[in-house]
Every structure is written in structure tokens, then in C-alpha cells.
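As C-alpha cells, the structure follows; a few thoughts come after it.
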Amino acid sequence: MWSPVAPGRAFARRVGEVEAPRQMVWRGGMPLGLFTGRRTLCLSPAGAGTELSMRETFSGPLAPMNVRKMPDLSAAFAQLLGAVKREVEGG
């Protein structure tokens, strides 16, 4: 995965869980569980449409140090979700 926050760096992710068509979990991190990131994407009914939500959690002994160093990813997440919305709506 590539992120606009760090355009020169690729982030390896694996799909860890799938509960089609409701949920998908991506996982990535450091060896030996030193730092693990888990991104959960969920689809749920919302009126006449569907809501996509995303949550990210971190674990492992190095998580507190690494999380403090991470930039604010809100804008990148909003960009990702906006791109998904445009694609789904045919934009």
C-alpha cells in the first residue's frame, strides 16, 4: 500500500479477515509482533445507502513509541474514503 503521507515508502499489508460483504481487516507491522497495525473496514446499511467506516488499532511493545511518531493520517484516510465513494457512485 502507498500513502500520500510517505509517498516514497510502501507499506506491506495482508488481508487478515474477511466477513463478506460486511467487514475486511488488513494487518501489517514488524516481525515478532513488536508493532502491529490492524485496519478494519466495515460496511453497514445507512438509510437507502451504505456506510463505509474505517478503524485503525495498534499493538505490541513498540506501539506506544511508534504511535507517538506517526503523523496525523486523518486527511489521508478522508482521501481514501472519498476515492472509494467516487468509485462506487460511478464518479
Side-chain angles (χ1 to χ4, degrees):
M1 176 177 11
W2 299 90
S3 171
V5 175
R9 181 177 173 203
F11 296 88
R13 297 288 180 255
R14 292 182 187 256
V15 176
E17 301 169 30
V18 175
E19 293 177 32
R22 295 184 348 225
Q23 180 174 291
M24 179 172 55
V25 179
W26 299 347
R27 293 185 181 165
M30 298 173 73
L32 306 174
L34 293 172
F35 178 70
T36 301
R38 177 182 164 110
R39 184 174 296 169
T40 304
L41 299 113
C42 293
L43 296 172
S44 56
T50 302
E51 179 179 85
L52 169 62
S53 63
M54 184 170 55
R55 181 182 69 219
E56 196 162 54
T57 57
F58 302 99
S59 61
L62 298 180
M65 179 182 66
N66 284 346
V67 169
R68 280 194 302 272
K69 292 180 181 180
M70 291 175 70
D72 180 3
L73 299 174
S74 299
F77 290 162
Q79 183 180 6
L80 169 65
L81 295 174
V84 170
K85 178 179 169 77
R86 285 189 301 279
E87 184 69 24
V88 168
E89 293 177 348

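Heads up: numbering here begins at 1 and tracks the sequence.
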message: Could you measure the distance from the CG atom of Leu81 to the CG atom of Leu41? Nearest 0.5 Å is fine.
response: 7.5 Å

Pair listing, salt bridge (Lys or Arg N to Asp or Glu O under 4.0 Å) test, anchored in residues 59-71, at least two apart: none

message: Let me check something: do Val25 and Phe77 share a hydrophobic cluster, defined by ILVMFWY side-chain heavy atoms less than 4.5 Å apart, either directly or through other members?
response: no

field: For Gln79, side-chain contact (heavy atoms from CB on, under 4.5 Å) partners two or more places apart
entry: Pro4

task: Report yes if some heavy atom in the side chain of Gln23 is under 4.5 Å from a heavy atom in the side chain of Val18; otherwise report no.
output: no

- prompt: Who pairs with Leu43 by side-chain contact (heavy atoms from CB on, under 4.5 Å), at least two apart in sequence or on another chain?
  reply: Thr50, Leu52

- prompt: Could you give all pairs that pass the side-chain hydrogen bond (donor to acceptor under 3.5 Å, both in side chains) test and reach residues 53-62, with sequence neighbours left out?
  reply: Arg39-Glu56

Residues forming a side-chain hydrogen bond (donor to acceptor under 3.5 Å, both in side chains) with Ser44, sequence neighbours excluded: none

All side-chain contact (heavy atoms from CB on, under 4.5 Å) counterparts of Arg14, not counting sequence neighbours: none

- prompt: Do the non-hydrogen side-chain atoms of Thr40 and Trp26 ever get within less than 4.5 Å of each other?
  reply: no

query: Among pairs that include at least one residue of residues 18-38, which meet salt bridge (Lys or Arg N to Asp or Glu O under 4.0 Å), considering only residues two or more places apart or in two chains?
result: Glu17-Arg27, Glu17-Arg38, Glu19-Arg22

task: For Pro61 and Gly33, work out which heavy atoms get closest and say how close.
output: CD-O, 3.5 Å

- line: So the ring-ring contact (aromatic ring centres under 6.0 Å, His included) pairs with at least one residue in residues 39-74 (sequence neighbours excluded) are Phe35-Phe58

